[in-house]
Amino acid sequence: MIDITDQPLDPAILQAQFIESVRRSGDNVGAVVSFSGMVRGQADNATIEALTLEHYAGFTEKIIASFVDVVREKFDIDQFLIAHRYGTMKEGEVIVFVATASAHRRDAFEAATYLMDRLKTDAPFWKKEHRPDGEHWIEPTEADYTASKNW
Amino acid sequence: MATILFMGALNPLAGGREKNINLDTIATINDLIKFLANDAPELGQTLNRPTTLVVVNKTVCDRGQSISEGDEIAFLPPMSGG
């Protein structure tokens with residue numbers, strides 16, 4: 001499931017709902033992995049007062065769905081959840097929650113890592129940091145691009 | 001009219017996120033970029049960068065793509081989710 005939302009994400013609730021969904025599915029799941037990405041309070045020694053994420057409705061969902069197609073080819077995954085915020089967030093708020101379920105842990109871990117690496121560099125979101133000296137649009141780092149290309 | 005969207009860091013260069021433009025003399029994405037660059041040279045340069053993605057009606061295209069009235073054309077600078 002893919003959920004692009006401007007509403008706050010609660011990882012505890014999302015994880016519980018995901019595990020319940022896995023249990024009900026009847027799939028032979030033995031591993032669930034989840035990742036929560038949060039707004040940092042500092043970047044480049046500057047205070048981050050807030051973070052705004054812009055998205056492109058309709059296109060963002062389409063591109064993320066294409067990542068999932070690849071995940072299903074590369075890994076033995078039964079279920080997944082990608083929940084991603086847009087709009088303005090404060091320090092500590094959850095930007096993204098990714099969960100994967102598989103028969104075995106390695107596929108669940110690797111599928112979650114793959115999804116996060118693609119989200120960092122190829123998902124149609126744009127981040128603007130609100131710092132004391134003004135607004136700054138930010139781009140992926142070289143490390144982000146390298147992680148994504150390595151798949 | 002066509003709707004032009006300028007995402008992320010292109011917002012300030014374009015003076016906003018969205019513009020509606022009459023395509024009278026504009027047949028392709030390249031024509032559109034030249035038209036936009038007349039008023040905003042820095043925007044034109046950025047739109048020509050290989051790292052700026054062109055999306056027409058929610059499908060990724062190259063800059064030779066023909067465009068028509070009613071199309072939605074989006075320019076996407078480097079993306080960063082997660």
Side-chain angles (χ1 to χ4, degrees), chain A residues 2 4 9 35-40 43 51-67 82-86 89 94-98 112-129 134-145 147-148, chain B residues 1-21 28-29 32-33 36-37 40-82:
Chain A
I2 299 168
I4 310 301
L9 300 176
F35 171 85
S36 301
M38 298 161 65
V39 179
R40 280 193 299 272
L51 181 72
T52 298
L53 263 88
E54 185 182 1
H55 79 307
Y56 181 12
F59 185 71
T60 299
E61 292 85 346
K62 178 180 171 180
I63 296 299
I64 293 176
S66 74
F67 303 162
I82 301 167
H84 206 300
R85 281 282 302 273
Y86 65 92
M89 287 153 264
V94 172
I95 305 169
V96 61
F97 178 85
V98 166
T113 304
Y114 174 86
L115 286 171
M116 279 310 308
D117 285 346
R118 296 297 305 275
L119 285 168
K120 292 295 284 187
T121 56
D122 300 321
F125 291 98
W126 297 272
K127 283 182 185 152
K128 183 167 62 178
E129 291 177 347
E135 298 177 342
H136 299 263
W137 289 99
I138 57 174
E139 295 187 0
T141 63
E142 281 305 313
D144 291 333
Y145 283 123
S148 194
Chain B
M1 299 285 263
T3 302
I4 322 296
L5 300 173
F6 304 95
M7 312 307 287
L10 300 176
N11 291 181
L13 296 179
R17 184 179 187 271
E18 181 173 333
K19 282 186 180 179
N20 291 302
I21 290 178
T28 66
I29 294 294
L32 175 63
I33 293 173
L36 294 166
E42 192 182 349
L43 175 65
Q45 284 176 8
T46 309
L47 297 183
N48 273 320
R49 281 185 195 152
T51 52
T52 300
L53 208 59
V54 180
V55 176
V56 176
N57 299 328
K58 303 219 166 57
T59 298
V60 177
C61 297
D62 62 37
R63 287 166 176 72
Q65 173 73 32
S66 298
I67 49 177
S68 313
E69 301 289 349
D71 282 348
E72 181 181 86
I73 298 136
F75 292 102
L76 280 52
M79 301 177 272
S80 177

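Predicted model, so just to flag it, every value in this text is computed and none were measured. Naming convention: chains lettered A, B, ... in sequence-line order (proteins, then strands); numbering from 1 in each chain.
- If you measure heavy-atom distances from B/T59 to chain A, the contacts under 4.5 Å come from both the backbone and the side chain.
- Residues satisfying the side-chain hydrogen bond (donor to acceptor under 3.5 Å, both in side chains) criterion with A/D144, sequence neighbours excluded, are A/T141.
- Rounding to the nearest 0.5 angstrom, the gap separating the OG1 atom in B/T51 from the CD atom in A/E139 is 6.5 Å.
- Of all residues spanning residues 72-82 of chain B, those with a heavy atom less than 4.5 Å away from chain A's heavy atoms are B/E72, B/A74, B/L76, B/P77, B/P78, B/M79, B/S80, B/G81, B/G82, arranged by number.
- Under a cut-off of 6.0 angstrom, the local environment of CD in B/E42 is sparse, with at most 12 non-hydrogen atoms contributed by other residues, nucleotides or ligands.
- Residue contact with chain B, scored on non-hydrogen atoms closer than 4.5 Å, is absent for A/A83.
- Of all the heavy atoms in B/M7 and A/H55, the pair that sits closest is CE-O, 3.4 Å.
- For A/H136, no part lies near chain B; criterion is any non-hydrogen pair under 4.5 Å.
- Summarising the geometry, atom CG belonging to B/L53 is positioned 6.0 Å from atom CZ belonging to A/F59; distances are rounded to the nearest 0.5 Å.
- Side chains of A/Y56 and B/V55 form a contact here, defined as non-hydrogen atoms less than 4.5 Å apart.
- For A/K120, the parts lying under 4.5 angstrom from a heavy atom of chain B are both the backbone and the side chain.
- Of the listed residues (A/F125, A/F35, A/F97), the one with the most heavy-atom contacts under 4.5 Å to chain B is A/F125.
- Within a 6.0 Å radius of CZ in A/R40, other residues, nucleotides and ligands contribute 12 heavy atoms or fewer.
- The greatest number of non-hydrogen atom pairs below 4.5 Å with chain B, out of A/I138, A/I82, A/I63, A/T121, is found for A/T121.
- In this structure, B/K58 contributes its side chain and A/G58 its backbone to no donor-acceptor pair below 3.5 Å.
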